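Working notes, beginning with the structure itself.
Just so we're clear, the structure is a prediction, and the values are computed from it rather than from any experiment. Whatever order the structure lists ligands and atoms in, that order sets their numbers, starting from 1.
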Amino acid sequence: MRVEFLGGVRTVTGSATLLEKGSLKWLVDCGMFQGGEELEKRNWKIQPYQAQNLAFILLTHAHIDHSGLIPRLVKEGFRGKIICTKATLDLCEVMLQDSGRIQEMEAEWQNRKGKRAGRGEAIPLYTAKDAEKSLRCFEPVSYDEIVPLAEGLKVRFRDAGHILGSAIIEIWVEEEGQERKLIFSGDLGNSHQPIVRDPSIVEEGEVLWLESTYGNRLHKSKEETVQELLKIVQEAIAHQAKVVIPAFAVERTQDIIYTLGQFIRRGALPPIPVYIDSPLAISATEIFKKNSDCFDRETQEILAGGENPLDIPGIMFTRTTEESKAINEDSRPGVIVSASGMCDAGRIKHHLKHHLWREASHIVIIGYQAEGTVGRRIVDGAKTVRLFGEEIAVKAHIHTLGGFSAHADQKGLLDWVSHLRNPRLEIFVNHGEEKISVELSQLIRERFHFKTSVPEWREKRILFSEVEKGIPEREVYPSTPRSEDQGLPSTRAEAEGLRVDPEQRFFTPPSKAGLGAGERVEEELLPEEPLSVLLNRLDRTYKRLHRKLKREKKKGEVVSHPGWWRQLAEAQQKLEALEKEME
Ligand SMILES: [Zn+2]
Ligand SMILES: [Zn+2]
């Protein structure tokens with residue numbers, strides 16, 4: 001079967017993997033790229049997702065970096081089914097429409113700017129209406145149930161313990177009469193997280209996609225984190241100050257409500273105003289209450305005791321902008337929880353503008369801050385940050401509390417992997433910043449001796465093929481990663497070219513080739529290979545080589561590498577000879 005890594009590789013956003021078995025194609029996750037203009041350009045290049053040809057999208061969970069491109073694919077003609085858990089569907093209902101509204105606002109803002117600069121009209125990636133339409137394709141399944149999807153294809157969703165409804169997906173595929181098993185870890189939760197259960201253990205499988213968000217870090221224990229939060233809130237109360245917590249609307253906000261609730265229920269804190277200032281977080285909290293069957297035992301027990309784990313005295317849910325603005329007039333000490341979690345959009349920006357410069361205020365960062373976001377700059381110790389076109393001094397107390405993470409840390413990931421028993425397991429390490437994924441990949445290889453790698457964006461692989469055996473990876477799978485600047489194939493032939501099966505592309509029957517051992521077979525091309533494919537490959541190889549050489553030249557290393565000189569000179573000669581022959 002074929003695989004193409006469409007996102008969430010060497011970055012934490014845009015999770016998507018295309019799988020193909022014969023003519024059956026499906027995606028696992030369909031996430032939006034976030035974190036900088038360069039990366040976000042990829043959201044517009046969705047031909048490789050083959051929207052119209054997909055039978056399914058298997059969705060691990062509702063976070064936008066996994067689900068955010070679904071409405072776009074539906075808009076482009078996706079008519080298959082989106083399979084996920086019920087809680088994921090409920091969350092997607094609010095999250096995708098919210099994302100659509102953000103896209104609309106973004107386009108509007110671009111247009112206001114663009115008009116002044118005389119540029120053409122910007123259109124949203126998708127609208128709230130598009131998002132609503134995409135909900136029709138969703139088909140919820142239960143945890144732990146094996147669901148046949150097509151001839152030779154079954155799946156099972158297991159609790160990933162990351163956010164409400166999140167899943168590890170197990171996929172059984174029949175290949176050449178043999179059943180094979182793939183595992184997608186999705187985002188793996190942190191054990192002992194509030195509300196949700198711990199991640200399920202998986203023991204069997206042949207190929208694993210493993211997330212690595214915190215693959216190089218160890219979180220503080222949850223107990224330590226909870227105590228730290230308590231101390232911060234107590235200090236704020238003593239100084240009549242506020243605690244501002246940027247939090248993802250889903251899961252993290254509910255975790256904070258739950259934890260503050262525990263403080264108040266146990267008498268460690270007096271009832272104080274707690275503002276939940278994010279319409280999305282408010283809707284998500286309602287969905288949590290509706291899906292209490294997903295709660296862990298501790299949370300179930302609070303429910304059974306007649307209390308609501310997501311309601312605390314003094315909690316205020318602010319939906320309207322007026323209510324949100326009124327928070328600033330409340331001079332009492334209290335807690336403001338607002339989105340977005342990475343501080344680069346939404347109402348949190350207003351609260352940061354009000355509190356970052358105040359020495360008595362506390363800003364508590366509890367989630368992952370991607371490169372390029374306002375949150376990351378605050379965590380990295382910036383003296384000022386830019387909000388609404390204004391430089392704001394950072395004078396408040398800044399705290400980073402890792403223990404609230406909804407992701408397993410390095411130890412959690414290694415523990416989870418340690419349950420896998422197949423010594424021939426192959427692992428693709430994904431969903432992490434490049435350096436971190438590479439580090440985790442090496443660590444797993446050393447510790448468990450599994451075959452691991454960190455795929456590139458747009459790289460393709462063949463799984464379970466005979467061809468795979470005995471031939472070095474590089475030669476079987478010439479990577480087809482393309483840098484963003486190269487864009488997409490402009491013609492059908494080019495597009496087809498990108499999908500040519502490596503078996504057909506690179507193997508000449510031995511009788512014809514007559515190659516000796518060790519000779520490179522991948523240079524041989526089948527005569528029927530279309531010229532456009534050949535040109536396309538040549539073009540890409542040339543560009544890649546050119547870029548690499550340019551980089552080396554900057555470092556001054558090319559001069560000290562005689563092997564390269566020789567090979568480049570030979571290549572030049574061969575090209576000249578070919579040119580002559582064609583005349
Ligand atoms: Zn997630
Ligand atoms: Zn994620």
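Judged by distance alone, the side chain of Arg347 and the main-chain N or O of Ala339 form no donor-acceptor pair under 3.5 Å.
The heavy-atom pair separating Ala16 from Tyr49 by the smallest distance is CB-CE2, 3.7 Å. Residues His162 and Leu188 approach most closely at CB-C, 4.2 Å, considering heavy atoms.
Just one of Arg424, Arg156, Arg421 meets the salt bridge (Lys or Arg N to Asp or Glu O under 4.0 Å) condition when paired with Glu204; it is Arg421.
Rounding to the nearest 0.5 angstrom, the gap separating the CD atom in Glu211 from the CH2 atom in Trp416 is 9.5 Å.
Within the protein, the N, O or S atoms sitting under 2.8 Å from the Zn ion (ligand 2) are Asp65 OD2, His66 NE2, Asp187 OD2, His431 NE2.
Listed by chain and residue number, nothing satisfies the side-chain hydrogen bond (donor to acceptor under 3.5 Å, both in side chains) test with Gln103 (two or more places apart in sequence, or in another chain).
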